[in-house]
Protein chains: 2
Amino acid sequence: MRPTVHDIAAEAGVSLATVDRVLNARPGVRQKTVAKVEAAVERLGYVRDVTAANLAKKRIYPLVFILPEGPNSFMRGLEAEIRAAMLRSPAERTSIRIETVPPFDAKAIVCILDLLDPAEVTGVALVATDTPDVTAAVDRLVERGVHVATLVSDLPGSRRIHYCGIDNLAAGRTAGGLIGRFRGGRAGKVLVVAGSMKLSDHMDRASGFAEVLGAEFPELEIVGPVETNDDADAVRQAVTAALEADAGITAIYSLGAGTRGLIEALAGHVSRKLTVVAHEVTDHSRQALADGLFDAVINQDCGHEVRSAIRVLKARSDGLMPISAQERIRIDIFLRDNLP
Amino acid sequence: MRPTVHDIAAEAGVSLATVDRVLNARPGVRQKTVAKVEAAVERLGYVRDVTAANLAKKRIYPLVFILPEGPNSFMRGLEAEIRAAMLRSPAERTSIRIETVPPFDAKAIVCILDLLDPAEVTGVALVATDTPDVTAAVDRLVERGVHVATLVSDLPGSRRIHYCGIDNLAAGRTAGGLIGRFRGGRAGKVLVVAGSMKLSDHMDRASGFAEVLGAEFPELEIVGPVETNDDADAVRQAVTAALEADAGITAIYSLGAGTRGLIEALAGHVSRKLTVVAHEVTDHSRQALADGLFDAVINQDCGHEVRSAIRVLKARSDGLMPISAQERIRIDIFLRDNLP
DNA sequence: GAAATTTTGAGGTACGTAAATCAGAAATTG
DNA sequence: CAATTTCTGATTTACGTACCTCAAAATTTC
């Protein structure tokens with residue numbers, strides 16, 4: 001049987017009340033006595049029963065998710081997963097609020113972060129552009145005692161406790177490896193379509209992609225990246241223009257959103273037999289895979305990301321470390337043959 | 001606030017004791033009263049607080065994992081994950097026992113299953129060959145009230161409550177899609193190396209692979225599958241023999257274990273520039289990817305599988321349904337570019 | 001060394017559920 | 001209608017922890 005507070009009290013030769021004071025960092029215990037209790041905890045290998053503690057505390061974890069509004073299918077899928085998690089709130093002792101902000105609007109994010117009350121929120125998960133003001137706002141919030149996790153796109157220099165998303169450098173490299181192998185050594189140009197280089201995930205994907213093409217597939221030349229702000233119409237126009245301007249383009253790597261626009265542009269050039277790799281499984285990309293318009297789609301499981309964010313934020317609020325392997329978000333590769 | 005048993009008692013106009021009798025299916029309650037309580041539960045949307053219940057019950061979940069012994073790296077990785085889960089046992093209220101059996105030894109599995117005492121075990125997760133005697137033993141165990149989950153390889157006709165593993169038909173299709181695209185339309189033969197057709201996962205992979213090649217890549221002809229019982233030496237001999245016998249082989253799909261043998265065989269034929277897809281990331285396959293000997297490795301995250309098995313078996317013991325999306329094991333595709 | 005302060009002990013209640021006892025009420029049986 | 005049997009209520013203890021109060025002990029301060 002695992003030891004309880006009673007065992008600690010007996011082992012340390014103090015009363016239950018003192019053990020409680022030490023374990024919960026309450027004042028009024030001499031340093032010498034604190035050491036005795038801590039030694040007993042160490043000796044017996046005591047670990048607080050979090051479920052019993054939560055029951056006694058009637059603890060709930062108030063969490064806030066911040067993500068962009070708008071038609072972006074991936075973000076809406078993410079939101080759906082958050083809503084699914086909200087349905088499990090009673091069982092998981094969470095209380096989740098969703099805040100949406102205009103896409104690429106750093107000021108709006110900063111504003112929300114600064115208005116959060118640490119007394120009312122224990123953790124925040126946010127999808128953010130990697131700009132200095134957002135990083136600063138995150139750091140201010142962490143300073144005020146709120147745990148912050150980044151979602152989908154990281155803020156590398158910030159004090160966030162965890163990043164819930166895929167390794168985007170590896171994702172870009174994967175795309176490079178796939179396109180390179182699919183082209184089978186034939187020379188040509190690859191159009192790279194991105195949303196915004198202010199998003200660290202897009203930056204990383206572009207870097208990883210360029211790295212692999214440079215190292216393993218020198219016969220492929222990169223065109224771009226063109227920035228579209230993840231807007232489908234902008235993507236359609238940019239891709240159409242590029243394809244018409246340059247007959248040497250034989251492949252496309254779309255590392256951002258606006259997949260609908262990409263599909264519309266491709267529909268006008270079916271004869272080109274382009275190798276296409278895009279990101280995120282949505283209704284559109286799924287159909288494009290099935291139709292043979294896309295060769296592969298790189299995906300991140302947003303359900304996993306949301307559940308991971310909740311686990312990590314809860315664990316940190318309890319002062320625990322999460323299972324790191326469980327929190328690693330995998331890079332999923334879908335071909336038409338393994339669509340779920 | 002979510003309703004408690006007290007609220008149910010008040011709402012139904014009965015005592016706490018009666019609510020308890022109904023909720024825990026204890027005898028001595030008239031059908032009419034049961035209905036009253038159930039109606040109150042329905043009206044208030046009561047859900048039992050599992051953590052409080054477990055605390056009161058001092059509940060632990062005794063689980064048994066059955067897996068093959070021997071040098072198979074994947075199985076040893078699986079065992080390592082089970083041992084990692086055992087370290088979390090105190091917090092997760094599990095008590096896990098590992099039983100190992102000789103590989104492909106159906107009788108040994110049957111023997112262990114039949115000797116399990118339902119009073120001492122609530123759930124079993126096993127890696128098994130798909131043979132009628134194992135299926136029958138699983139059904140007997142389920143009949144005796146033990147929850148059974150299959151791990152890695154399924155027992156399709158059995159009464160197991162859950163299969164913790166990838167969709168192997170889709171995995172085979174994925175391998176087909178990858179090899180087909182990597183070959184870029186060039187005709188040739190693909191050697192398929194399997195462990196045993198008595199394993200449903202190997203069967204499914206072979207079927208999926210053949211399906212995609214037949215439908216999408218008719219220029220590729222399948223040789224095999226050759227069966228090696230997942231023995232590395234047998235794999236080496238089989239692959240070496242096939243490569244020497246047939247100069248038309250341009251690709252290999254290794255859908256079972258014994259990857260070391262495959263690598264040794266390939267080392268003697270580096271000039272052939274074969275397209276190779278294998279299963280499971282291990283030290284060997286990781287090195288082969290890095291060396292460019294393998295083009296892709298299809299993987300299943302055994303940590304996820306173990307955690308999923310534990311969650312499912314626990315949930316079923318509590319009469320709950322797990323989050324199905326969380327329990328779907330993804331097919332991971334690794335290129336040298338996205339190795340973790 | 002008395003007074004003030006800090007530290008500690010003892011005991012209780014609570015969280016939501018499980019599980020038990022025992023007395024009393026209701027229904028069924030003869 | 002009495003004697004059973006079946007059902008129900010009231011109450012208690014327990015799980016492991018949190019948090020509270022009050023008194024007693026130990027320590028520090030003057």
Side-chain angles (χ1 to χ4, degrees), chain A residues 1-38 40-41 44-61 89-93 95 314 317-320, chain B residues 1-41 44-61 89-93 95 122 314 317-320:
Chain A
M1 285 300 280
R2 59 192 284 205
T4 73
V5 277
H6 295 83
D7 301 320
I8 302 297
E11 175 79 11
V14 299
S15 77
L16 216 57
T18 302
V19 173
D20 179 66
R21 290 181 186 113
V22 173
L23 289 181
N24 295 292
R26 273 185 266 276
V29 184
R30 220 176 314 148
Q31 189 49 50
K32 221 178 75 186
T33 318
V34 171
K36 270 204 300 188
V37 172
E38 280 171 348
V41 165
L44 299 185
Y46 168 83
V47 226
R48 168 197 263 112
D49 183 330
V50 182
T51 62
N54 283 347
L55 179 60
K57 277 194 287 205
K58 291 198 285 182
R59 189 174 194 357
I60 54 155
Y61 302 82
S89 274
E92 297 182 345
R93 300 191 125 83
S95 157
K314 282 177 68 176
S317 301
D318 292 329
L320 300 174
Chain B
M1 287 297 283
R2 57 194 285 205
T4 73
V5 278
H6 295 85
D7 301 320
I8 301 297
E11 175 78 12
V14 299
S15 77
L16 217 56
T18 302
V19 173
D20 180 66
R21 289 180 186 116
V22 174
L23 290 180
N24 295 291
R26 273 184 265 275
V29 184
R30 219 175 316 148
Q31 189 49 48
K32 223 178 73 187
T33 317
V34 171
K36 270 204 299 185
V37 172
E38 280 170 348
V41 166
L44 299 185
Y46 169 83
V47 227
R48 169 198 261 114
D49 182 331
V50 182
T51 63
N54 283 347
L55 179 60
K57 277 194 287 204
K58 290 199 284 183
R59 188 174 195 358
I60 53 155
Y61 302 83
S89 275
E92 296 183 345
R93 301 192 124 84
S95 157
T122 64
K314 282 177 70 177
S317 301
D318 292 328
L320 299 174

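The chains referred to below are lettered A, B, ... by the order of the sequence lines, with proteins before strands, and numbering in each begins at 1. A quick note: this is a predicted structure, and the numbers were derived from the prediction, not measured. Keep in mind that the numbers below use all heavy atoms, side chains included, and drop hydrogens, waters and symmetry copies.
One can place CG of Asn24(A) at 17 Å from P of dG16(D), the figure rounded to the nearest angstrom. Computed from coordinates, the Leu55(B) CG to dA18(D) C1' distance equals 13 Å when rounded to whole Å. For the pair Asn54(B) CG and dA14(D) C1', the computed distance is 15 Å after rounding to whole Å. Across the protein-nucleic acid pair, Leu16(B) atom CG and dG16(C) atom C1' stand 10 Å apart, rounded to whole Å. We find that CG of Leu23(A) is positioned 15 Å from P of dG16(D), with the value rounded to whole Å. Rounding to whole angstrom units, OH of residue Tyr46(A) and P of dG16(D) are separated by 10 Å. If you take CG of Asp20(B) and P of dC15(D), they are 17 Å apart, rounded to a whole angstrom. His6(A) places its NE2 atom 12 Å from the P atom of dA18(D), with the value rounded to the nearest Å.
Dashed line: the shortest gap from a side-chain N or O of Ser15(B) to OP1 or OP2 of dA10(D) is not under 4.0 Å. The side chain of Arg21(B) places no N or O atom within less than 4.0 Å of a non-bridging phosphate oxygen (OP1 or OP2) of dA18(C). Close to dA19(C), at under 4.0 Å from its OP1 or OP2, lies a side-chain N or O of Arg26(B).
Comparing Arg30(B) and Val47(B) by the nucleotide of DNA chain C that holds the closest heavy atom to each, the one mapping nearer the 5' end is Val47(B). Judged by closest nucleotide on DNA chain D, Val19(B) is the one of Val19(B) and Lys58(B) placed further toward the 5' end.
Of the candidates Thr4(B), Asn24(B), Val5(B), Asn24(B) is the only one forming a side chain to side chain contact (heavy atoms under 4.5 Å, CB included) with Arg48(B).
More than 12 heavy atoms of other residues, nucleotides or ligands lie within 6.0 Å of NZ in Lys57(B), so this atom counts as buried by the packing criterion.
Rounding to the nearest 0.5 Å places CD of Glu11(B) at 11.5 Å from NZ of Lys36(B). Taken from CZ in Arg59(A) to NZ in Lys314(A), the straight-line distance is 9.5 Å, to the nearest 0.5 Å.
The side chain of Val5(A) lies closest to dT17(D) when the candidates are dA18(D), dT17(C), dT17(D). Taking the side chain of Ala52(A) as heavy atoms from C-beta on, and the options dT17(D), dT17(C), dA19(C), the nearest nucleotide is dT17(D).
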